[in-house]
2 protein chains.
Amino acid sequence: MKAEQKRRQELIAATIREIGAEGTLNVTVSQIAKRAGVSPGLAFHYFGDKEQLFLATMRSILRTYGALIRANLVGKTEPVERLTAILETNFSPSQFEDGAVAAWLNFYVLAQTSPEAQRLLALYHRRFHSNLVYSLRPLAGDAAHGIAERLGGLVDGLYLRFALNRSHVDPGPAVAQVLKALEVELSALDG
Amino acid sequence: MKAEQKRRQELIAATIREIGAEGTLNVTVSQIAKRAGVSPGLAFHYFGDKEQLFLATMRSILRTYGALIRANLVGKTEPVERLTAILETNFSPSQFEDGAVAAWLNFYVLAQTSPEAQRLLALYHRRFHSNLVYSLRPLAGDAAHGIAERLGGLVDGLYLRFALNRSHVDPGPAVAQVLKALEVELSALDG
DNA sequence: TGATTAATTGACTCGTCAGTCAATGGATTG
DNA sequence: CAATCCATTGACTGACGAGTCAATTAATCA
């Protein structure tokens, strides 16, 4: 049972790399398997079909992202400090490495038709939202919900724009815009 | 030369519908041609290959969107009025009809690797940005640029979230969030 | 009308790919 | 050491799809 876990991880890592290299989910399972150093049959053996392999890959990305958020939140108790950490995590290098961007874009496409992808995406949205609301509430009270929706949307949009703009290398400006939006939202409260 | 234009339009319309029905660009040119009521060969005859057909489709969608913006701006001179019109246009029914959503998502995927798609996307971003800045300047001065970047990102992000959430039917709440963000940005100026 | 050009067809090629499966190799265990 | 079980292979199939092309039909025009 040890080999299985190891192989799964290797295949998932290979999926990210391969999708990243091609930009699309139009990569063959054989390509992925080759990159993982195993035979094509093994990928089917462990994941059943291509879609399941990809969904497992997204779950892995989401798990990593969640762990990163939690890690960056450790020891931070001030609401603004926590909010900043959450927002910044979305633009941390790991979110752009390998094929994370390509995986996300293809995930969006898949989410239109795959209930399982839809479920995963909704889960991610909900977690992100409540993370924000938790820290916004002490600062904004009932306005927390609305602010969180706007910040969440902004993060998604700027991530998208940043990721697709090859002339951008450093996500710094995008993060700055998100933090500025937070500042604006908070300052508008006492208007 | 009349037939050519007509056929091209029909094939483009069929592409939108077919991609919309499948959610993905993984539709065959034959499917598209069938839906347009012509033979597969004709699609290749006029567009060369599948990617060109899709790019022509996106250009068409972008052109329609641009025309809609201009139409909705007619007669509006007040900055806030103009901004509202621009922002609302992004969530108008036509942006969700047929396969517009699917086309956009697949366009994002393609933009990772196709220079032509990248160019188109950048063009759209630039136009949208300067549209916003033009009306924001009188209200916000030098802050116009930053505000426009944030509003632009927010529109993209909320569009994405809205489009992928099947439980949403009416884009009203998304529009409301964008307008609220505009309001917040403007109110923060006199802080 | 007959000739020339444009529009359109659909059968065909060649390659590709998801998924299967029977066979092999390697551990483990009793 | 035999028997059993898990891990792994890679050849194979069946289907499909992009793009080509020679042939057909429709329009144009002199």
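Since the structure is predicted, the reported quantities are computational estimates derived from the model, not experimental observations. Below, chains carry the letters A, B, ... as their sequence lines are ordered, and counting in each starts from 1.
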(message) Centre-to-centre under 6.0 Å for A:Tyr65 and A:Trp104, is that the case here?
(response) no
(message) Ring centres under 6.0 Å, that's the criterion: do B:Phe47 and B:Phe54 meet it?
(response) no
Interatomic distance where [atom1] belongs to [X] and [atom2] belongs to [N] [whole Å]:
X       : N      : atom1 : atom2 : value
A:Lys34 : D:dG10 : NZ    : P     : 12 Å
A:Tyr46 : D:dC6  : OH    : C1'   : 8 Å
A:His45 : D:dC5  : NE2   : C1'   : 12 Å
A:Glu4  : D:dC5  : CD    : C1'   : 14 Å
B:Phe54 : D:dA18 : CZ    : C1'   : 17 Å
B:Leu42 : D:dA26 : CG    : P     : 15 Å
A:Gln5  : D:dC6  : CD    : C1'   : 15 Å

(request) Go through B:Glu22 and A:Thr113 one step at a time and tell me if the side-chain contact (heavy atoms from CB on, under 4.5 Å) criterion holds. (result) CA-CA 8 Å; B:Glu22 299 280 342; A:Thr113 54; over 6 Å; no
(request) Assess whether atom NZ of B:Lys34 is packed by more than 12 heavy atoms of other residues, nucleotides or ligands within 6.0 Å. (result) no
(message) For A:Arg59, is the CZ atom crowded, meaning more than 12 foreign heavy atoms sit under 6.0 Å from it?
(response) yes
(request) If the plane angle is over 60° it's perpendicular, under 30° parallel, otherwise tilted; pick one for B:Phe96 and B:Phe162. (result) perpendicular
(message) Name the residue from B:Leu55, B:Leu120, B:Leu121 that meets the side-chain contact (heavy atoms from CB on, under 4.5 Å) definition with B:Leu110.
(response) B:Leu55
(message) Quick one, A:Leu151 with A:Ile86, criterion side-chain contact (heavy atoms from CB on, under 4.5 Å). Give me CA distance, side-chain angles, the key distance, then yes/no.
(response) CA-CA 11 Å; A:Leu151 287 178; A:Ile86 293 170; over 6 Å; no
Listing time: all N or O pairs from protein to nucleotides 24-29 of chain C that are below 3.5 Å?
none

(message) Tell me whether the side-chain N/O atoms of A:Arg7 come closer than 4.0 Å to OP1 or OP2 in D:dA7.
(response) no
(request) Using a strict cut-off of less than 4.0 Å between a Lys/Arg side-chain nitrogen and an Asp/Glu carboxylate oxygen, indicate whether B:Glu183 and B:Lys180 qualify as a salt bridge. (result) yes
Protein and nucleotides 15-19 of chain C: nitrogen or oxygen contacts under 3.5 angstrom:
from: C:dA18; atom 1: OP1; to: A:Lys50; atom 2: NZ; distance (Å): 2.9
from: C:dA18; atom 1: OP2; to: A:Val29; atom 2: N; distance (Å): 3.1
from: C:dG19; atom 1: OP2; to: A:Lys50; atom 2: N; distance (Å): 3.1

